[in-house]
Amino acid sequence: ANDERRRLKCRRENAMTITEWLQEGFEKAFPGVELPEIKAVPATDPKFGDYQCNDALKIAKKAGFRNPREAAQKVVECLSSEYKAEIAGPGFLNITITPEWLGSALDSLDSDSNCGIEQLGAGKKVVIDYSSPNAAKQMHIGHIRSTVIGNAIDRIYRALGYSVIADNHL
């Protein structure tokens, strides 16, 4: 699993996920402090940016700050400029994805033949047996459903890097 993560990180080149970016900022801001899992959640309102993080509020007291807003300020000072972070209220972090980062991420996906999909099935085979429409019989919804589901499963496995043997029977 760690090898897969390393490969994925290399494939993304220098692009960091928001969680990795925040984790790095919190670690720099509070060295030696045991940190909880740092999380970014989608913003509840677009005026707050793209994501929000409330973890500075949780860590402030543990890190020796009386005011959580000061703790949030320290985190913002330690964050790289990959995304944009602003402090709101008592210490919430509002995060906005910058156009430069988005452009870089899209370029990275465009240049990746797997579109950023981890190749979890590399070197593995899977056999799928599903029905296809019978040319000798009248079609009905039952035929379509099993064919579409079988084909979708086939495509998902192929996208994940599996060698797929699809037996599509009439």
Side-chain angles (χ1 to χ4, degrees), residues 1-126 149 152-164:
N2 286 336
D3 290 336
E4 288 294 330
R5 282 191 207 107
R6 260 187 248 115
R7 268 196 299 258
L8 181 61
K9 192 166 189 167
C10 290
R11 198 169 63 229
R12 283 190 314 221
E13 295 167 18
N14 294 325
M16 262 187 187
T17 66
I18 292 170
T19 302
E20 291 168 340
W21 177 72
L22 282 170
Q23 186 73 41
E24 184 178 275
F26 274 84
E27 288 170 359
K28 285 180 184 174
F30 311 115
V33 175
E34 187 177 330
L35 300 171
E37 180 184 354
I38 305 299
K39 292 186 232 168
V41 296
T44 55
D45 188 328
K47 71 181 178 187
F48 299 133
D50 299 309
Y51 293 90
Q52 295 172 229
C53 177
N54 306 332
D55 294 323
L57 296 166
K58 298 175 192 172
I59 295 167
K61 190 173 184 179
K62 188 190 278 190
F65 289 89
R66 294 182 130 197
N67 183 348
R69 192 172 174 89
E70 292 172 8
Q73 181 61 44
K74 184 159 175 120
V75 172
V76 169
E77 291 168 4
C78 292
L79 290 170
S80 65
S81 61
E82 212 165 335
Y83 306 95
K84 180 180 157 196
E86 296 175 335
I87 302 167
F92 300 109
L93 294 175
N94 292 337
I95 302 156
T96 304
I97 294 173
T98 62
E100 296 79 20
W101 181 88
L102 184 58
S104 171
L106 291 173
D107 285 344
S108 177
L109 284 176
D110 185 44
S111 65
D112 182 356
S113 63
N114 300 311
C115 294
I117 300 171
E118 270 189 90
Q119 298 300 287
L120 301 173
K124 299 176 186 171
K125 282 188 182 181
V126 65
I149 291 170
I153 290 169
D154 179 343
R155 290 171 182 246
I156 289 168
Y157 275 114
R158 288 179 196 277
L160 289 170
Y162 286 86
S163 173
V164 177

Visitor: At their closest point, which heavy atom of Ile38 faces which heavy atom of Cys53, and how far apart are they?
Guide: CG2-SG, 4.2 Å
Visitor: Give, for atom CG of Leu93 and atom OH of Tyr83, the distance between the pair rounded to the nearest 0.5 Å.
Guide: 14.5 Å
Visitor: Ignoring hydrogens, what is the shortest heavy-atom contact between Cys78 and Gly25? Give both atom names and the distance.
Guide: CB-O, 3.6 Å
Visitor: If I compare all heavy atoms of Leu22 with all of Ala40, which pair ends up nearest, and what's the gap?
Guide: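 The answer is CD1-CB, 3.7 Å.
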Visitor: Any side-chain to backbone donor/acceptor pair from Lys62 onto Glu34? Under 3.5 Å, distance only.
Guide: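 Yes: the side chain of Lys62 pairs with the backbone of Glu34.
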Visitor: Is it the case that the side chain of Trp21 and the backbone of Leu79 share a donor-acceptor pair, with hydrogens and angles ignored and the cut-off at 3.5 Å?
Guide: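 No; judged by distance alone, with no hydrogens or angles, the pair does not exist.
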Visitor: CG of Leu102 to OG1 of Thr96: how many Å apart, nearest 0.5 Å?
Guide: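 If we round to the nearest 0.5 Å, Leu102:CG and Thr96:OG1 are 12.5 Å apart.
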Visitor: What's the shortest heavy-atom distance between Asn94 and Ala88, and which atoms?
Guide: ND2-CB, 3.3 Å
Visitor: Nearest 0.5 Å please: distance from the CG atom of Asn54 over to the CD1 atom of Ile59.
Guide: 11.0 Å
Visitor: Counting only N and O atoms by type, is there a donor-acceptor contact under 3.5 Å from the side chain of Gln52 to the main-chain atoms of Thr44?
Guide: yes
Visitor: Which atom pair, heavy atoms only, marks the closest approach of Lys39 to Asp55?
Guide: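 Heavy atoms of Lys39 and Asp55 come nearest at N-OD2, 2.7 Å.
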Visitor: State the OG1-CD distance between Thr19 and Glu37, to the nearest 0.5 angstrom.
Guide: 8.0 Å
Visitor: Taking atom OG1 of Thr98 and atom NZ of Lys84, what is their separation to the nearest 0.5 Å?
Guide: 10.0 Å
Visitor: Are any side-chain N or O atoms of Ser111 and backbone N or O atoms of Asp107, one a donor and one an acceptor, separated by less than 3.5 Å?
Guide: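 Looks like yes, one N/O pair under 3.5 Å.
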Visitor: Quick one: CZ on Phe92 to CZ on Arg69, what's the gap to the nearest 0.5 Å?
Guide: 11.0 Å
Visitor: According to ring pair (Phe, Tyr, Trp, His ring centres under 6.0 Å), who are the partners of Tyr162, at least two apart in sequence or on a separate chain?
Guide: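 Testing Tyr162 for ring pair (Phe, Tyr, Trp, His ring centres under 6.0 Å), a comparison that skips the adjacent residues, returns Tyr157.
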Visitor: Does the side chain of Asp50 come within less than 4.5 Å of Ile95's, by heavy atoms?
Guide: no
Visitor: Inspect the contact between Lys74 and Glu70 and indicate whether a charged nitrogen and a carboxylate oxygen are less than 4.0 angstrom apart.
Guide: no
Visitor: Checking the side chain of Gln119 only, and the main-chain atoms of Ala159 only, is there a donor and an acceptor separated by less than 3.5 Å?
Guide: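 At least one qualifying donor-acceptor pair exists.
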Visitor: Start with the C-alpha distance between Leu160 and Ile156, add both sets of side-chain angles, then the distance that settles side-chain contact (heavy atoms from CB on, under 4.5 Å), and finish with yes or no.
Guide: CA-CA 6 Å; Leu160 289 170; Ile156 289 168; 4.1 Å; yes
Visitor: So with a 6.0 Å cut-off around CZ of Arg158, is the heavy-atom count from everything else above 12?
Guide: yes
Visitor: For residues Ala71 and Phe30, report the shortest heavy-atom separation together with the two atoms involved.
Guide: O-CZ, 3.7 Å
